[in-house]
Structure formats: C-alpha cells, structure tokens
Amino acid sequence: KSTDIPPASWAERVITVVMLITALGRAVLIGQFSMSMREILYKRGKELKATYERIEEMAQLDELTGALNRRFVMKELDDELLRAVRHGKSCSVALIDLDWFKKINDTFGHPAGDEALRTFAITIFANIRGIDKFGRYGGEEFLLILPDTPQGTAMRTLDRLRDIVSGLDWAAISPNMTVTLSAGITSIRTNDTTDTVLSRADRALYRAKEGGRNRVQA
C-alpha cells in the first residue's frame with residue numbers, strides 16, 4: 001500500500017545501529033563523567049571542611065605553646081562561669097606563673113626560654129582532663145579552668161602539676177636550667193563576673209609569689 005513504510009535498506013540499518021551505539025556510548029561517558037565529578041566535589045568538600053576546621057583551630061591556639069590563646073581561653077572562662085552560676089556547678093580557676101622567667105630568658109637565651117614554655121605547656125596538657133581548659137594568659141602566665149572541680153580538689157590538682165613541672169629534666173633544654181611554677185586558685189561564686197574571678201586568682205598568685213614561689217595558694 002502507498003501508506004506502508006518502506007523497509008529500511010541495509011545502509012540505513014547500519015546507520016541506525018551506529019547512531020544508537022554512539023548515543024549509548026555518549027550516555028555512558030556522561031554518566032561516568034558525572035560520577036567522577038561527584039567524587040571530586042565530595043573529596044574537595046571534605047578537604048575544604050578540614051582546612052576550615054584547621055584554620056579555626058589555629059585561630060584559637062597560641063602559636064608558641066599550642067595552648068589556647070588569651071582571647072579564646074577568656075571566652076572559655078565566660079562560658080564556664082555562665083554554666084557554673086546557672087546550674088550551680090562547682091568550677092575552679094587557676095592563674096599559673098613560671099617563676100623567675102625573665103631570669104631564665106636572660107641567663108639561657110630566648111630560644112631556650114621559648115622551649116621551656118613549650119615543654120611546660122605540653123606537660124600540663126598531658127596531665128589534665130579533657131574537659132579542662134588551658135590557655136596562655138600572657139607572657140609566662142597561664143590560665144587553667146577546671147570545670148566540676150571544688151577548690152580543695154583544684155588545690156591538690158595544681159600541687160600535683162607543680163610537683164611534676166619542678167621534677168622535669170630542664171637541663172635537657174639547657175645545662176643548669178630549672179623551672180618551677182606558682183599558682184593562685186579560686187572557685188567561681190554565684191555573683192561572680194570574669195573580672196572578679198581573675199582578680200581573686202591574681203591575688204592568690206601574688207600570695208604564692210610572696211610566700212617564696214614554687215607553691216600553690218588559694
């Protein structure tokens with residue numbers, strides 16, 4: 001009949017098969033490319049997230065010692081103060097000072113002094129709990145926040161740290177070097193502010209220094 005579709009010729013059938021194969025191949029390539037791109041974007045996303053977290057972490061840390069920097073440890077103190085007051089939790093705070101540190105720098109040189117600061121910070125980190133917050137308050141002065149810790153327990157903790165620090169082989173950094181610490185401790189009270197907590201800890205630290213150093217005072 002005139003309306004019937006004429007049978008395809010051999011050449012037309014070959015062209016149709018080639019076009020079909022080409023289309024399928026293109027679809028497969030597009031699928032593989034899409035999967036590859038998804039994998040690349042996923043890996044790149046993980047890398048960017050890790051980089052961002054690393055930048056964020058570096059922004060929180062003191063470059064020399066690896067302890068929290070002053071800005072961030074003060075934020076931690078604000079947070080712990082709020083938590084302790086709001087929930088009636090005990091929390092103790094210690095200001096720690098390395099004794100006669102200027103003399104250490106003058107006698108052994110600043111590179112040795114820097115190494116002493118790093119060694120001190122590593123030692124403290126190795127001997128406190130994961131929930132404790134330790135930061136460089138300024139120069140050779142450090143701040144240690146002890147959540148869920150009454151003052152008596154904090155005194156024993158700091159005295160243990162003092163004993164560990166004084167017992168280190170500081171001569172490994174420089175012959176005849178010795179390093180000790182003095183600490184002033186206080187506990188957070190109901191009507192406290194950050195300033196009042198630090199003021200009490202600072203006064204206690206002053207008493208520790210006046211009492212001969214290498215000691216802990218509340």
Side-chain angles (χ1 to χ4, degrees), residues 57-78 80-81 92-129 132-146 149 151 154-188 193-218:
E57 180 185 353
M58 289 174 65
Q60 298 172 1
L61 301 181
D62 174 64
E63 186 176 350
L64 175 63
T65 64
L68 297 175
N69 59 34
R70 182 186 174 102
R71 180 185 63 81
F72 198 75
V73 78
M74 290 298 288
K75 178 183 177 300
E76 292 290 336
L77 178 57
D78 287 338
E80 286 300 331
L81 174 64
S92 293
V93 177
L95 272 178
I96 305 169
D97 189 79
L98 297 189
D99 296 327
W100 310 113
F101 194 73
K102 183 180 184 304
K103 185 177 179 181
I104 290 174
N105 275 333
D106 292 343
T107 303
F108 303 101
H110 286 276
D114 288 349
E115 188 59 34
L117 286 172
R118 279 190 290 267
T119 301
F120 167 75
I122 291 169
T123 301
I124 298 299
F125 273 126
N127 289 281
I128 58 177
R129 304 167 301 173
D132 298 331
K133 310 297 190 305
F134 177 67
R136 191 177 183 188
Y137 190 63
E140 69 275 15
E141 201 166 49
F142 293 80
L143 183 64
L144 178 60
I145 304 166
L146 301 163
T149 306
Q151 189 166 294
M155 288 284 291
R156 290 190 292 273
T157 298
L158 266 295
D159 202 49
R160 177 176 60 85
L161 293 174
R162 181 199 58 76
D163 192 51
I164 291 170
V165 168
S166 65
L168 290 178
D169 181 19
W170 295 99
I173 297 175
S174 190
N176 301 316
M177 178 188 282
T178 58
V179 177
T180 60
L181 69 82
S182 297
I185 300 174
T186 188
S187 289
I188 290 176
T193 65
T194 301
D195 288 340
T196 58
V197 171
L198 290 174
S199 178
R200 282 200 310 275
D202 190 57
R203 289 196 299 272
L205 176 59
Y206 178 79
R207 289 193 296 273
K209 292 179 179 180
E210 286 292 293
R213 301 178 190 257
N214 190 24
R215 63 184 58 213
V216 177
Q217 183 73 50

K.L.:
Can you find a heavy atom in the side chain of M74 that is under 4.5 Å from one in the side chain of Y137?
P.N.:
yes
K.L.:
Quick check against the 3.5 Å criterion: does W170 have a side-chain atom that pairs as donor or acceptor with the backbone of V165?
P.N.:
yes
K.L.:
What I want to find out is whether K103 reaches D106 closely enough, with some N-O distance under 4.0 Å, to be called a salt bridge.
P.N.:
no
K.L.:
Measure the shortest side-chain to side-chain distance between D132 and I145 over non-hydrogen atoms and say whether it is less than 4.5 angstrom.
P.N.:
no
K.L.:
Give me the atom names and distance for the closest heavy-atom approach of G113 to N105.
P.N.:
CA-OD1, 3.3 Å
K.L.:
Hey, is E210 close enough to R207 for a salt bridge, meaning N to O under 4.0 Å?
P.N.:
no
K.L.:
Quick one: do R162 and D159 make a salt bridge, cutoff under 4.0 Å?
P.N.:
yes
K.L.:
To the closest 0.5 Å, what do you measure between CG (L144) and CG (L77)?
P.N.:
11.0 Å
K.L.:
Heavy-atom distance under 4.5 Å between the side chains of L168 and V179, does that happen here?
P.N.:
no
K.L.:
In Å and rounded to the nearest 0.5 Å, what is the CG to OG1 distance from L117 to T65?
P.N.:
7.5 Å
K.L.:
Sub-3.5 Å donor-acceptor pair from the side chain of T149 to the main-chain atoms of A154, do we have one?
P.N.:
no
K.L.:
Evaluate the ring planes of F134 and F125, with Trp represented by its six-membered ring, and classify them as parallel (under 30°), tilted (30 to 60°) or perpendicular (over 60°).
P.N.:
perpendicular
K.L.:
CD1/I128 to NZ/K133 distance, rounded to the nearest 0.5 angstrom?
P.N.:
9.5 Å
K.L.:
Roughly how far, to the nearest 0.5 Å, is CG of N69 from CG of L64?
P.N.:
12.5 Å
K.L.:
Strictly distance-based, threshold 3.5 Å: is any side-chain N or O of D99 a donor or acceptor partner for the main-chain N or O of R213?
P.N.:
no
K.L.:
Sub-3.5 Å donor-acceptor pair from the side chain of R160 to the main-chain atoms of N127, do we have one?
P.N.:
yes
K.L.:
I'd like a table of donor-acceptor pairs (distance under 3.5 Å, sequence neighbours excluded) in which one partner is a side-chain atom from residues 198-206, with atom names and distances.
P.N.:
residue : atom : partner : partner atom : Å
S199    : OG   : R203    : NH1          : 2.7
R200    : NE   : T186    : OG1          : 2.8
R200    : NH1  : D192    : OD1          : 2.9
R200    : NH2  : T186    : OG1          : 3.3
R200    : NH2  : S187    : O            : 2.8
R200    : NH2  : D192    : OD2          : 2.7

K.L.:
Please find the pair of heavy atoms, one from S166 and one from T180, that lie closest to each other, and give the distance.
P.N.:
CB-CG2, 4.1 Å
K.L.:
Below 4.5 Å, heavy atoms only, C-beta onward: do L181 and D97 meet side chain to side chain?
P.N.:
no
K.L.:
Where the side chain of S174 meets the backbone of M177, is there a donor-acceptor pair that is under 3.5 Å apart?
P.N.:
no
K.L.:
Looking at side-chain heavy atoms only, is the closest gap between L158 and L146 below 4.5 Å?
P.N.:
yes
